[in-house]
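Residue indices begin at 1 and follow the sequence shown. In what follows, every heavy atom counts, from backbone to side chain, and hydrogens, waters and symmetry copies are set aside.
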Amino acid sequence: EDTLEAKESWLSNLHPTDVDIEAHLVVLKAIATSIQPGAPQRAEYHVSNRLLSTTESSPKQLDECYEAVLEAWSTSSKEDSSLCVLRSQRWFRKIRQPTLRSYHLLLNVLSKGRRTKLNNNRVRNRELRKEHAEMAEQILESMTKISKPTTLAAEADTEAYNYVLRAWSKVFDPELSTYKILDLLGRMEKIQRQNPSGPVQPDTKSYATAMQAYVKLAVHRANKEKSGGLEEVKQAEALLQYMHRLHDEEGFENIVPNTVAYNILITAYARLSQY
């Protein structure tokens, strides 16, 4: 059977001499991808109380185990968001040589923008989103220095940038959010021009996030003045047209002006019509 319980039972029934780090990893990876409540705590318990006390392992193998616990916290939707961030950071720091996936997992949890239940204060929740976006951007900055002498093991790619774009899109400050997103998108385009076949290639998600930022800013300004917001929606529409040019004329297959992008624009004009 492929269930988590079946794998845990399989491990428990193994003869002690047959239990190695790979056997533990089978269970840990199953826990990490589980949607069950308490899965992250279960992964932590497994590493701390079963694996470390009974099994010899190499640093690389231990890193894989720690990354599995990081994944459990990063992808959890059952635990409080602040706890997920704190525990993800803790397990990331345990990894001796983080992989690109390790960075993606950490950036993922920082970019979700989920409301914490530990502190029901609306102002503090908004502050946390900004803090998490700043943390995500700092991590991205550290990844961009890979080409220089460093102990880091992963170079920033499109997915890493998109996580940071998402983190800033969750911030309750449309002016700052839009500025940050457009700045990051500009940096992605510059990197792509310098290295067309490199790991950073702005894609549909990158441009759609920028469009959404313009729309949020438009609504923000429409709330302040009757004729406000129209210029920002036009900027979003210009981005959509730019996506068409990149895809249709310049052949960028990773940039597709799809239904999501069009729906962002349709929603924007609908919302402005209410003011």
J.: Nearest 0.5 angstrom please: D157 CG to Y161 OH, how far?
T.: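 If we round to the nearest 0.5 Å, D157:CG and Y161:OH are 10.0 Å apart.
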
J.: Measuring from R93:CZ to S88:OG, what's the distance to the nearest 0.5 Å?
T.: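 Going from the CZ atom of R93 to the OG atom of S88 covers 10.5 Å.
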
J.: Return all side-chain donor-acceptor pairs below 3.5 angstrom for residues 191-199, not counting sequence neighbours, or 'none' if the list is empty.
T.:
| residue | atom | partner | partner atom | Å |
| --- | --- | --- | --- | --- |
| Q192 | NE2 | Q201 | OE1 | 2.6 |
| N195 | OD1 | G198 | N | 3.4 |

J.: When you measure from the side chain of S74 to the backbone of L70, do you find a donor-acceptor pair of N or O atoms at a distance under 3.5 Å?
T.: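 No; zero donor-acceptor contacts below 3.5 Å.
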
J.: Return the CD to CG distance between E237 and L230, rounded to the nearest 0.5 Å.
T.: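 Atom-to-atom, E237:CD and L230:CG are 9.5 Å apart.
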
J.: Is a donor on one side and an acceptor on the other found under 3.5 Å between the side chain of S206 and the backbone of D203?
T.: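 At least one qualifying donor-acceptor pair exists.
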
J.: Do the non-hydrogen side-chain atoms of M211 and M243 ever get within less than 4.5 Å of each other?
T.: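 Heavy-atom side-chain distance check passes, below 4.5 Å.
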
J.: Going through the checks in order, is the side chain to side chain contact (heavy atoms under 4.5 Å, CB included) test met by L110 and Y163?
T.: CA-CA 8 Å; L110 287 168; Y163 278 127; over 6 Å; no

J.: Less than 3.5 Å apart, any donor N or O on the side chain of S102 or T99 sitting next to an acceptor on the other?
T.: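 Distance-only check passes for S102 and T99.
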
J.: Looking at K112, I want to see if its NZ is surrounded by more than 12 non-hydrogen atoms of other residues, nucleotides or ligands under 6.0 Å.
T.: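 Buried by this count: over 12 neighbours within 6.0 Å.
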
J.: Indicate if Y262 and Y269 have the same hydrophobic cluster label, given that clusters are the connected sets of ILVMFWY residues with side-chain heavy-atom separations under 4.5 angstrom.
T.: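 Linked, Y262 and Y269 end up in one cluster.
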
J.: Scan for side chain to side chain donor-acceptor pair (under 3.5 Å) pairs involving residues 247-261, sequence neighbours excluded, and state none if there are none.
T.: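 Every side chain to side chain donor-acceptor pair (under 3.5 Å) pair that includes a residue of residues 247-261, provided the two are not neighbours, is H244-D248, R245-E250.
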
J.: Are the side chain of T178 and the backbone of A213 linked by a donor-acceptor contact shorter than 3.5 Å?
T.: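 The answer is yes, because a donor-acceptor pair under 3.5 Å joins these two groups.
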
J.: When you group the ILVMFWY residues by side-chain heavy-atom contacts below 4.5 Å and let the links chain together, are L25 and V47 in the same group?
T.: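 Different clusters.
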
J.: Return the minimal non-hydrogen interatomic distance between A210 and L182, and the atom names on each side.
T.: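 Scanning both residues completely, I find the closest heavy atoms to be CB-CD2, 4.2 Å.
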
J.: Side chain to side chain contact (heavy atoms under 4.5 Å, CB included) between H24 and H46: does it pass, once the steps are laid out?
T.: CA-CA 8 Å; H24 282 289; H46 190 98; 2.8 Å; yes

J.: Show the nearest heavy-atom pair for residues A156 and V200, with the distance to one decimal.
T.: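 Reported closest heavy-atom pair: O-CG2, 3.6 Å.
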
J.: Could you report the tightest heavy-atom contact between V233 and A218, atom names first, then the distance?
T.: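 What the structure gives for the nearest pair is CG2-CB, 3.6 Å.
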
J.: Would you verify whether the NZ or CZ of K94 falls within 45 degrees of the ring axis of W91 while also being under 6.0 Å from that six-membered ring's centre?
T.: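 Judged by the rule (NZ or CZ under 6.0 Å from the ring centre, within 45° of its axis), K94 counts as positioned above W91.
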
J.: Within a strict 4.5 Å, meaning less than it, do heavy atoms of the V215 and L265 side chains meet?
T.: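 Answer no - side chains too far apart.
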
J.: Do N162 and M188 have side chains that approach each other closer than 4.5 Å (heavy atoms only, starting at C-beta)?
T.: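 Side chain of N162 against side chain of M188, heavy atoms only: contact under 4.5 Å found.
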
J.: Ring centroids only, cut at 6.0 angstrom: are Y66 and F92 within range, meaning strictly under it?
T.: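 Centroid distance Y66-F92: not below 6.0 Å, so no.
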
J.: Main chain of I95, side chain of D63: is a donor-acceptor contact present, judged purely on distance under 3.5 Å?
T.: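 No; zero donor-acceptor contacts below 3.5 Å.
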
J.: Do I35 and S77 have side chains that approach each other closer than 4.5 Å (heavy atoms only, starting at C-beta)?
T.: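 No - every pair of side-chain heavy atoms lies 4.5 Å or more apart.
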
J.: Over all heavy atoms of both residues, which pair between V256 and T204 is shortest? Give the atoms and the distance, please.
T.: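 Closest approach of V256 to T204: N-OG1, 2.7 Å.
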
J.: Main chain of L165, side chain of T209: is a donor-acceptor contact present, judged purely on distance under 3.5 Å?
T.: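 No, because the side chain of T209 does not come within donor-acceptor range (under 3.5 Å) of the backbone of L165.
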
J.: Only counting residues at least two apart or in another chain, list the ones meeting side-chain hydrogen bond (donor to acceptor under 3.5 Å, both in side chains) with Y207.
T.: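 For Y207, the residues satisfying side-chain hydrogen bond (donor to acceptor under 3.5 Å, both in side chains) (neighbours in sequence not counted) are E189.
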
J.: So, do I181 and Q212 sit near enough that their side-chain heavy atoms are less than 4.5 Å apart?
T.: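 Not touching, per the 4.5 Å side-chain cut-off.
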
J.: May I have the step-by-step check of salt bridge (Lys or Arg N to Asp or Glu O under 4.0 Å) for E71 and R101, ending in yes or no?
T.: CA-CA 9 Å; E71 180 178 1; R101 177 162 172 73; 2.8 Å; yes

J.: Might you confirm whether atom CZ of R187 has over 12 heavy atoms from other residues, nucleotides or ligands at distances under 6.0 Å?
T.: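 Yes, enclosed.
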
J.: Is the side chain of S9 donor-acceptor paired with the backbone N or O of E5 at a distance under 3.5 Å, no angle test?
T.: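 Flag not set: sc S9 to bb E5 has no pair under 3.5 Å.
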
J.: Hydrophobic clustering (ILVMFWY, side-chain heavy atoms < 4.5 Å, transitive) - are L217 and L185 grouped together?
T.: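 Cluster IDs for L185 and L217 differ.
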
J.: How close do L107 and A136 get, heavy atom to heavy atom, and via which atoms?
T.: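 What the structure gives for the nearest pair is CD2-O, 3.5 Å.
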
J.: Within this structure, what is the CD-CG distance for the pair E155 and L100, rounded to the nearest 0.5 Å?
T.: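 That separation rounds to 9.0 Å.
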
J.: Given side chains that start at C-beta, do those of V164 and L184 come closer than 4.5 Å, heavy atoms only?
T.: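 The answer is yes, as the side chains (C-beta and beyond) meet within the 4.5 Å cut-off.
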
J.: Mind checking whether V260 and I255 sit in one hydrophobic cluster, side chains of I, L, V, M, F, W, Y counted as touching below 4.5 Å?
T.: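 Same cluster.
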
J.: Do L86 and M135 share a hydrophobic cluster, counting only Ile, Leu, Val, Met, Phe, Trp and Tyr and linking them when any side-chain heavy atoms are less than 4.5 Å apart?
T.: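 No, no single cluster joins them.
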
J.: Ion pair present between R87 and E79, side-chain N to carboxylate O less than 4.0 angstrom?
T.: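 E79 and R87: not salt-bridged.
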
J.: How many angstroms lie between OH in Y103 and CD1 in I139, if you round to the nearest 0.5 Å?
T.: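 Between atom OH of Y103 and atom CD1 of I139 there are 8.5 Å.
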
J.: Taking atom OH as the centre, does Y242 end up with more than 12 heavy-atom neighbours from other residues, nucleotides or ligands that are less than 6.0 angstrom away?
T.: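 Counting neighbours around OH of Y242, more than 12 heavy atoms of other residues, nucleotides or ligands fall under 6.0 Å, so yes.
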
J.: Extract all donor-acceptor atom pairs below 3.5 Å that involve side chains of residues 166-174 and protein atoms in other chains or at least two apart in sequence.
T.:
| residue | atom | partner | partner atom | Å |
| --- | --- | --- | --- | --- |
| R166 | NE | S111 | O | 3.4 |
| R166 | NE | S111 | OG | 2.9 |
| R166 | NH2 | N108 | O | 3.3 |
| R166 | NH2 | N108 | OD1 | 2.8 |
| R166 | NH2 | S111 | OG | 2.8 |
| W168 | NE1 | E137 | OE1 | 2.9 |
| S169 | OG | R166 | O | 2.6 |
| D173 | OD1 | E175 | N | 3.4 |
| D173 | OD1 | L176 | N | 3.2 |

J.: Are more than 12 heavy atoms from other residues, nucleotides or ligands located less than 6.0 Å from atom OH of Y45?
T.: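 At most 12 heavy atoms, drawn from other residues, nucleotides or ligands, come within 6.0 Å of this atom.
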
J.: Return the CD to CZ distance between E231 and R221, rounded to the nearest 0.5 Å.
T.: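 E231 CD to R221 CZ: 9.5 Å, rounded to 0.5 Å.
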
J.: With heavy-atom distances below 4.5 Å as the criterion, would you say the side chains of R90 and W73 are in contact?
T.: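 A side-chain contact is absent here, since even the closest heavy-atom pair is not under 4.5 Å.
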
J.: Taking the side chain as everything from C-beta on, heavy atoms only, tell me whether T158 gets closer than 4.5 Å to P202.
T.: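 With C-beta onward as the side chain, the pair stays apart.
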
J.: Salt bridge or not for K130 and E134, using N-O below 4.0 Å?
T.: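 A salt bridge is present here (some side-chain N lies under 4.0 Å from a carboxylate O).
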
J.: Would you find a donor on one side and an acceptor on the other, under 3.5 Å apart, between the side chain of N223 and the backbone of V219?
T.: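 A pair under 3.5 Å: yes.
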
J.: Considering residues at least two apart in sequence or located in another chain, which fulfil the ring pair (Phe, Tyr, Trp, His ring centres under 6.0 Å) criterion with F252?
T.: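 So F252 forms no ring pair (Phe, Tyr, Trp, His ring centres under 6.0 Å) with any residue.
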
J.: What pairs of donor and acceptor atoms, side-chain ones from residues 27-34 against any protein atom, are under 3.5 angstrom apart with sequence neighbours left out?
T.:
| residue | atom | partner | partner atom | Å |
| --- | --- | --- | --- | --- |
| T33 | OG1 | K29 | O | 3.1 |
| T33 | OG1 | A30 | O | 3.3 |
| S34 | OG | Q36 | N | 3.0 |

